[in-house]
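Below: one structure, written as structure tokens.
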Amino acid sequence: MSARGPMAVRDPLPAPVSGAAPAATTTARRRVPLVRLLRAEVRWIFRRPRTLAVLALLAALPVITGVAVDLTLDGPVSASQTGPGPGPDGGPPIFVTMATSAFVLPLGSLMTLLMLLLPLTVAMASGDALAGEQSHGALRGWLLAPVARGRLLAVKAAGVLVVAFVASTLVVVSGLVTGLVLAGTDGLVSMSGTELSIGDVLGRLALAVAWATLYLMAVGAVALAVSAFTEHPMLVVVSVLGGLIVSGVLMQISALDWLHPFLLPTSVTSLVDLIRDPVSLDGLAEGALRALSYLAIGMSLAYARITTTDG
């Protein structure tokens, strides 16, 4: 087993001696607690420089967005511009409201980054999880060892889930802090112009993080399925991002309305419903169901591949 992968935490086996215990005892000694494997996987993920670099970029983008919008508008925004109608010059009202609402900025940033950069982060983690270790030879040692293949896949999927949650939370926290600095606590207003309590804001943001994590985990499951069939991590990233870009293009073609319910990014814009008052959860519920379907399909394909390969 190469020491380059997170699975190198297993203790070496003692040399066989005469009168040794049965094979079952030897197998038991090789079995590492699942919590230890999860901890090693997460530690290895967050030791990668590219992971830290992407997370730093995710934290910086809401700050840049908030400051840029604040400087662009350069002055107070009238109440008519923060309502459900279009903003000045016919622009989207969400970007206008970002200047005066500490609540809109984190959700607007999350919705924007879910289009490309957040899926890129998850695709990178998924590519490194299987294809990356396969290219280094680390995964082969696991596939040849007496360890459950499903257990191995569960550890890798858990690592991707942690990345998805941390990335989503980082964007929302960065956006919220930036919004509070720019607009103050008096800026906790919805896009409909109603004032919100801090508890209501935190509840909506928590729901947004949970939904975004589920969406990103669906992307990660598809990426894991691709990763199980190749040893080139960049191929995984290109495949996933290419699929998302093609889906975005197809969503703009009205003649393909029948196809839109099957495309994963269809419900990303439903996050804007959390900014309005009252909140509508229909679009988010539909998106969650769609994400669960992609998650089940992706993990099934990854499991079928990893349980039939000989390493």
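These values consider heavy atoms only, across backbone and side chains, with no hydrogens, waters or symmetry-generated copies.
L295 and I297 are members of different hydrophobic clusters when ILVMFWY side chains are connected at heavy-atom separations under 4.5 Å. Follow the hydrophobic side-chain contacts under 4.5 Å out from L57 and you reach L241 in the same cluster. By the rule that hydrophobic residues join a cluster once side-chain heavy atoms approach within less than 4.5 Å of another member, L61 and L107 end up as members of one cluster. Linking Ile, Leu, Val, Met, Phe, Trp and Tyr whenever their side-chain heavy atoms come within less than 4.5 Å leaves I245 and V236 in two separate clusters. L292 and L216 end up in the same hydrophobic cluster when Ile, Leu, Val, Met, Phe, Trp and Tyr side chains are linked at under 4.5 Å.
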Would you sort out whether W258 and L256 count as a side chain to side chain contact (heavy atoms under 4.5 Å, CB included), showing the intermediate values?
CA-CA 5 Å; W258 59 271; L256 297 178; 3.8 Å; yes
Check the pair V249, Q252 against side chain to side chain contact (heavy atoms under 4.5 Å, CB included), reporting the backbone distance first and the verdict last.
CA-CA 5 Å; V249 172; Q252 305 303 317; 5.8 Å; no
Derivation and outcome, side chain to side chain contact (heavy atoms under 4.5 Å, CB included), residues L289 and E286
CA-CA 5 Å; L289 180 60; E286 179 184 347; 5.8 Å; no
L202 and L176: CA distance, side-chain angles, deciding distance, side chain to side chain contact (heavy atoms under 4.5 Å, CB included) verdict
CA-CA 10 Å; L202 293 179; L176 179 61; 4.2 Å; yes
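At a threshold of 4.5 Å between non-hydrogen side-chain atoms, the residues I45 and R48 count as touching. Side-chain contact check for V162 versus E41: every heavy-atom pair is 4.5 Å or farther apart. With contacts defined as side-chain heavy-atom distances shorter than 4.5 Å, the pair V63/V177 does not qualify. Two residues are said to be in side-chain contact when any heavy atoms from C-beta on lie closer than 4.5 Å; Y215 and S168 fail this criterion. When side chains are defined from C-beta on, P106 counts as touching L205, because their heavy atoms get closer than 4.5 Å.
Taking each heavy atom of G220 and V160 in turn, the nearest pair found is CA-CG1, 4.0 Å. Taking all atoms of both residues into account, the shortest heavy-atom contact from P62 to L58 is CD-O, 2.9 Å. Scanning all heavy atoms of the two residues, the minimum distance from F103 to I275 falls at CE2-CA, 3.8 Å. Taking every heavy atom of both residues into account, G287 and S267 meet most closely at CA-OG, 3.3 Å. Across all their heavy atoms, A225 and L301 have their closest contact at CB-CB, 3.9 Å. L130 approaches S227 most closely through the heavy-atom pair CB-OG, 3.2 Å.
Residue Y294 qualifies as enclosed at atom OH: its count of foreign heavy atoms under 6.0 Å is above 12. Within a 6.0 Å sphere centred on CZ of F46, heavy atoms belonging to other residues, nucleotides or ligands number more than 12.
Rounded to the nearest 0.5 angstrom, I198 CD1 and L180 CG are separated by 6.5 Å. Atoms CE and CG, from M115 and L120 in turn, are 15.5 Å apart once rounded to the nearest 0.5 Å. With rounding to the nearest 0.5 Å, the separation of CG in D257 from NE2 in H260 is 5.0 Å. Once rounded to the nearest 0.5 Å, the distance linking CE of M234 with OG of S239 reads 10.0 Å. Atom CG of L152 is separated from atom NZ of K156 by 6.0 Å, given to the nearest 0.5 angstrom. Rounding to the nearest 0.5 angstrom, the gap separating the CG atom in L153 from the CG atom in L224 is 6.5 Å.
The backbone N or O of G127 lies less than 3.5 Å from no partner atom in the side chain of H232, so there is not a single donor-acceptor pair. Between the W211 side chain and the L271 main chain, no donor and acceptor come within less than 3.5 Å of each other. Of the possible donor and acceptor atoms, one in the side chain of S174 sits under 3.5 Å from a partner among the backbone N and O of A59. R305 places no side-chain N or O within 3.5 Å of a backbone atom of F229 that could act as its donor or acceptor partner. With hydrogens and angles disregarded, no donor-acceptor distance shorter than 3.5 Å links the side chain of T51 to the backbone of R47.
Just one residue in the list V163, V219, L170, L113 forms a side chain to side chain contact (heavy atoms under 4.5 Å, CB included) with T121, and that residue is V163. For the side chain to side chain contact (heavy atoms under 4.5 Å, CB included) with L114, the qualifying choice from L244, V268, V171 is V268, the only one to do so.
For residues 197-221, the pairs satisfying salt bridge (Lys or Arg N to Asp or Glu O under 4.0 Å) are D200-R204, R204-D277, with sequence neighbours left out.
Under 3.5 Å, the side chains of T266 and R290 contain no donor-acceptor pair of N or O atoms.
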